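Take a look at the structure below.
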Amino acid sequence: MYKLIRQAGTARRGEFTTVHGTFQTPAFMNVATAGAIKGGLSADDLRNVGCQVMLSNTYHLHLRPGDDVIRHLGGLHKLSCWNGPILTDSGGFQVFSLAKLRKITEEGTHFSSHIDGKNIFMGPEQSMQIQSNIGSTIAMAFDECIENPSPREYVEKSAARTVRWLARCKNEMNRLNSLPDTLNQHQLLFGINQGGCYDDIRIDNMKSIAELDLDGYAIGGLAVGEPTEEMYRIIDVVEPHMPKDKIRYLMGVGTPGNIIEAVRRGVDLFDCVMPARNGRHGHLFTWQGIMNINNSKYIEDNSPIDSACGCEVCKKYSRAYLRHLIKANEMLGMRFAVIHNLYFYNELMLKIRDSLDEGTFESFAEKYTDLLDSRI
RNA sequence: GCCUACUUAGCUCAGUCGGUAGAGCAUGCGGCUGUUAACCGCAGGGUCGUUGGUUCGAGUCCAACAGUGGGCG
């Protein structure tokens, strides 16, 4: 349940209460696709980097170890030892990113497993059943994510189908939550706005899904090919039609600058693979901008990654050591980089919240939006 | 000492019937936005051990020498 604490223009400071605890918004969800943050972080590590919400993936967990297995083991919370809120993505994005061999019908989607090529069918009901078995705090609607730009005719058709799917998701979730042996009978459901880069489709779609009175609303289908300014414009267009009393989630976004700009436009919740993936690849987010620790200029640099950072890596280890570890392909290098980057993202959200509480958000945004996305 | 194999990019190696050289790794740089991603892309880098010979033309065929490995004494 979302509680709006205060507003600064369209920017919102709030909190969201669930059966697995309350988290403060704006918030960033740390991506643990297969039930773990890639780079070797445990649930304890997640707590240490200040994570409030973990995000895992329906599709991946369905394939391995199997959602039935997870259910028998007591759910993903028990399995991973993360006892805070977990949001599961629905699998809709995988249909998009594993686009090779797929067939989308009114019923759902046929596509092949990236692990063994096996044919998989997933529709709204299947996605809800899997997420129910995983026992996540928040389930995402099964949607179709399309690339930008896409032809208007297709976007229109797809967005309308996603609304019909959403109604089916809601019915199925209600049914599952009412079963006596369901892991989490209070599982929440967020709807997802689609409509590509067409303002009127976005707005119509948002109005339609708002009527279903869900627990939260996401903006999907952004940061998938369109220019950044276009993404901001779509948020501006959709925001007035999003319920004020529901949490708002911008899916898959983004860079620190993207997040600040989206908070300014009224978004409460984010997730992105960037801090983890780019970290593993040697790109580190700092309060001075983005650093590529692979660069030879750091070979003998004894200073911490970011002297302004309080993470466990910056407190003890040098740029030279981290560069060495990553160049030497040591697991510890990736782990350190991901710990640092996630700490940075979670601290970014904390500072955004503090600035909203103190009424200094605009000056914070002024100072950091471009700086944090720039290269050192 | 004799026999034999090898010598091409920093490293490990390809290189067809003779037509002025490629890869992987390494190095340097870049990319990554609801993770098929410890991944992907680009770039720099070679008087083909040396000296001769054959040939219109040799990394490639021949000889000698040098170095390295293996075998036999």
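We name chains A, B, ... by the order of the sequence lines, and we start the count at 1 in each one. Fair warning: this is a prediction, and the values are worked out from it, not measured in the lab.
- Whole-Å rounding puts the A/Asn278 CG to B/C39 C1' distance at 11 Å.
- Atom CG in A/Asn30 sits about 18 Å away from atom P in B/U33, given to the nearest Å.
- When both distances must be under 3.5 Å, the Watson-Crick or G-U wobble mate of B/U12 is B/A23.
- Contact check on A/Glu106 versus A/Arg164 returns a salt bridge, with a Lys/Arg side-chain nitrogen under 4.0 Å from an Asp/Glu carboxylate oxygen.
- Here A/Ala218 lies out of heavy-atom contact (under 4.0 Å) with every strand.
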For this session: Go through the steps for A/Tyr345 and A/Phe28 under the test ring pair (Phe, Tyr, Trp, His ring centres under 6.0 Å), then give the verdict.
Result: CA-CA 7 Å; A/Tyr345 263 68; A/Phe28 178 80; 4.8 Å; yes
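- Other residues, nucleotides and ligands contribute over 12 non-hydrogen atoms within 6.0 Å of the CZ atom of A/Arg6.
- Rounded to whole Å, the C1' atom of B/A21 lies 11 Å from the corresponding atom of B/A9.
- In this entry the distance linking CG of A/Leu98 with P of B/U36 reads 6 Å, nearest Å.
- Between A/Glu239 and A/Arg264, none of the side-chain N atoms (NZ, or NE/NH1/NH2) sits under 4.0 Å from a carboxylate O, so this pair counts as no salt bridge.
- Among the atoms of the strands shown, base atoms are found under 4.0 Å from some heavy atom of A/His283.
- In this structure, A/Asp89 and A/Met334 both approach RNA chain B, and ranking their closest nucleotides by distance from the 5' end singles out A/Asp89.
- Here the P atom of nucleotide B/U36 and the CZ atom of A/Arg102 are 13 Å apart, to the nearest Å.
- Here B/G34 presents its C1' atom at 14 Å from CD1 of A/Ile235, a figure rounded to the nearest Å.
- Under the Watson-Crick or G-U wobble criterion, with both distances below 3.5 Å, B/C2 is paired with B/G71.
- When heavy atoms are screened at a 4.0 angstrom cut-off, A/Gly221 is found touching base atoms of the nucleic acid.
- Ion pair A/Asp199/A/Arg233 flagged as a salt bridge, since at least one NZ, NE, NH1 or NH2 atom sits closer than 4.0 Å to an Asp/Glu carboxylate oxygen.
- Nucleic acid contact for A/Arg375: sugar-phosphate only, since backbone atoms but no base atoms lie under 4.0 Å from a heavy atom of the residue.
- A/Gln94 has no side-chain polar atom (N or O) that falls below the 4.0 Å cut-off from OP1 or OP2 of B/G34.
- Residue contacts shown for A/Arg323 are limited to sugar-phosphate atoms, with no base heavy atom under 4.0 Å away.
- For B/C29, the OP1/OP2 oxygens have no side-chain nitrogen or oxygen of A/Asn294 closer than 4.0 Å.
- Contacts of A/Asp271 with the nucleic acid, taken as non-hydrogen atoms under 4.0 Å apart, involve only primed sugar atoms and P, OP1 or OP2.
- Among the heavy atoms of the strands lying under 4.0 Å from A/Asp143 is at least one base atom, whether or not backbone atoms are also near.
- Whole-Å rounding puts the A/Ile293 CD1 to B/G28 P distance at 12 Å.
- Contact annotation: A/Arg280 does not reach the phosphate of B/U35 (side-chain N/O to OP1 or OP2, under 4.0 Å).
- Backbone-only contact: A/Lys327 has heavy atoms under 4.0 Å from sugar-phosphate atoms and none from a base.
- Regarding contacts with the backbone of B/U36, a side-chain N or O of A/Ser97 is found under 4.0 angstrom from either OP1 or OP2.
- Nucleic acid contact for A/Asn292: sugar-phosphate only, since backbone atoms but no base atoms lie under 4.0 Å from a heavy atom of the residue.
- In this structure, B/G30 forms a base pair with B/C40, meeting either the Watson-Crick or the G-U wobble geometry with both donor-acceptor distances under 3.5 Å.
- Side-chain atoms of A/Glu230 and A/Asn148 form no donor-acceptor pair, as typed in the model, at a separation below 3.5 Å.
- At the phosphate of B/U27, neither OP1 nor OP2 sits under 4.0 Å from any side-chain N or O atom of A/Ser296.
- B/G59 sits 12 Å from B/G49 when the C1' atoms are compared, rounded to a whole Å.
- Residue A/Gln194 is in base contact, counting any heavy-atom pair closer than 4.0 Å across all strands shown.
- For the pair A/Glu226 CD and B/U33 P, the computed distance is 12 Å after rounding to whole Å.
- Comparing the same atom, C1', in B/U8 and in B/U12 gives a spacing of 12 Å after rounding to whole Å.
- Across the strands present, B/U7 finds its partner in B/A66; the criterion is a Watson-Crick or G-U wobble pair with both atom distances under 3.5 angstrom.
- Annotation for A/Arg248 and A/Pro243: closest pair NE-O, 3.6 Å, computed over non-hydrogen atoms.
- A/Ile192 comes within contact range of at least one nucleobase, with a heavy-atom separation under 4.0 Å.
- A donor-acceptor pair shorter than 3.5 Å can be found between the side chains of A/Asn30 and A/Asn346.
- If A/Ile37 and A/Ile299 are placed on RNA chain B by their nearest nucleotide, the residue sitting closer to the 5' end is A/Ile299.
- A gap of 23 Å separates the C1' atoms of B/G71 and B/C65, to the nearest Å.
- Across B/C42 and B/G22, the matching P atoms stand 16 Å from one another, rounded to whole Å.
- In this structure B/C61 sits in a base pair with B/G53, meeting the Watson-Crick or G-U test at under 3.5 Å.
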